[in-house]
Number of protein chains: 2
Amino acid sequence: MIAVAHYDPEKRFAAIVQKFRESRHKLTPQRLAVARVLATSEGHPGVDAIYDKLQDDFPTMSLATVYRNVMLIKSLGEVLELGFPEGGNRYDGNKPYPHPHLICMQCKKIIDPELASLKDLTREVMAASGFKIVTHRMDFFGICPDCQSR
Amino acid sequence: MIAVAHYDPEKRFAAIVQKFRESRHKLTPQRLAVARVLATSEGHPGVDAIYDKLQDDFPTMSLATVYRNVMLIKSLGEVLELGFPEGGNRYDGNKPYPHPHLICMQCKKIIDPELASLKDLTREVMAASGFKIVTHRMDFFGICPDCQSR
DNA sequence: GGCGTGGTGCAAACCGATCGCATTGGCGTT
DNA sequence: AACGCCAATGCGATCGGTTTGCACCACGCC
């Protein structure tokens, strides 16, 4: 398996909470719980996965609340949204900047491969096209080793 | 502007029609019209754009017919679908294999930059992860020269 | 040219995501 | 520590792009 660089979830959680404070948003238990899940972003969870994970602690929490808080954290720039046309967007609040993803088409797991920097490619595109590149998206779709052997 | 390699729309159209025949699908005027638009895929049209473009020739054609035929051509492997989480998927039937795209976030135009092959990256990912890579997606989002000067 | 079946047009259904609203509760103020 | 404002929550209703069901139509084998 590829080595995966990641940040300390505690530090990421603190950074997100800091953004809440700066933007004068209230620190509700539900909000903090969503932030905590995203700070780790184990497995690049979708809204459903976040919702399920918090069912034990917040049995009455609404799915709408998860949606709203994920969107809030996204608007604060503290989570990377991986949108998919078929729905079920996934989120990465541990590394909230664009990076490549490796997606298993069968079990839907998503991991972060370590790749030679895309900086060169981005620079190449900017120079050749005249575009001002704001962000990018790079996904590899395939079958993971686990699913291959199943 | 980046030079863009593309295929002869006539040849692409013939190839798609050939697939229709092989798969025993009827050659209706609406189906052929959709295939003809996709063979060129000027501007990477979405379903709406295809529908609009064919209004003059087929004023009574249903949007559902466009959807069904685009999906058919996709299932035949003759069009590349560029799905977006916010909807409005775009299609490329001229180069129906994965390749990078450069997308203007303002006017939504999509062009094909010429880049050093991604083969090396794909191979790197496969070797390092053990995944069997089936396809990929690589988009650069930015502001095109036209929109920058507006 | 006739027939069978797949294709079309229309409208209804679908469904994840979002919104409206009444209630709740975080947190600045006193 | 208690108050009170207004953002946040939970719930149900709603939305809009896409898909589906169905009756009618027409492509293409014979």
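Throughout, protein chains are lettered first and strands after them, A, B, ... in sequence-line order, and every chain is numbered starting at 1.
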Which one, dC10(C), dG7(C), dT8(C), comes nearest to the side chain of Ala64(B)? dC10(C)
Any donor-acceptor N/O pair, Thr135(B) side chain to Phe141(A) backbone, under 3.5 Å: no
Take the protein atom OH of Tyr67(A) and the nucleotide atom P of dG16(C), then report the distance between them rounded to whole Å. 8 Å
Separation of Tyr51(A) atom OH from dA17(C) atom P, in whole Å? 14 Å
What is the distance from CG of Leu63(B) to P of dA11(C), rounded to the nearest Å? 13 Å
Chain B reaches DNA chain D, atoms under 4.0 Å from its heavy atoms, from dT18(D) to dG28(D)
Between Arg90(A) and His44(A), is there a donor-acceptor pair closer than 3.5 Å when you use the side chain of the first and the backbone of the second? yes
Are OP1 or OP2 of dG7(C) and a side-chain N or O of Arg31(B) less than 4.0 angstrom apart? yes
Using whole Å, report how far NZ of Lys74(A) lies from C1' of dA17(C). 13 Å
For Glu86(A) and dC15(C), what is the distance between atoms CD and C1' respectively, to the nearest whole Å? 14 Å
Check: Arg137(B) side chain, Arg137(A) main-chain N or O, donor-acceptor pair, under 3.5 Å: no
Considering just the side-chain nitrogens and oxygens of Thr28(A), establish if one lies under 4.0 Å of OP1 or OP2 belonging to dG26(C). no
Using modelled atom types and a 3.5 Å cut-off, is there a donor and acceptor pairing between side-chain atoms of Asn89(A) and backbone atoms of Phe84(A)? yes
Nucleotide dG16(C), atom C1' - distance to CD of Glu81(A) in whole Å: 14 Å
Specify the residue among Val47(B) and His25(B) whose closest nucleotide of DNA chain D lies further upstream toward the 5′ end. Val47(B)
Base of dG6(C) paired with side chain of Arg68(B) (donor-acceptor, under 3.5 Å): no
Whichever of Ser62(B) and Gly87(A) has the more 5' nearest nucleotide on DNA chain C, that residue is Ser62(B)
Quick one: Asn89(A) CG to dG16(C) C1', roughly how many Å, whole number? 10 Å
Reckon Leu27(B) touches a base, only the sugar-phosphate, or nothing at all at heavy-atom distances under 4.0 Å? sugar-phosphate
Could you tell me whether the side chain of Gln148(B) and the main chain of Gly130(A) form a donor-acceptor pair under 3.5 Å? yes
Heavy-atom check, side chain of Leu121(A) versus side chain of His136(A), under 4.5 Å: no
Donor-acceptor pair, Arg31(B) side chain versus Lys26(B) backbone, under 3.5 Å? yes
What is the separation between atom CG on Leu32(A) and atom P on dG25(C), rounded to the nearest whole Å? 15 Å
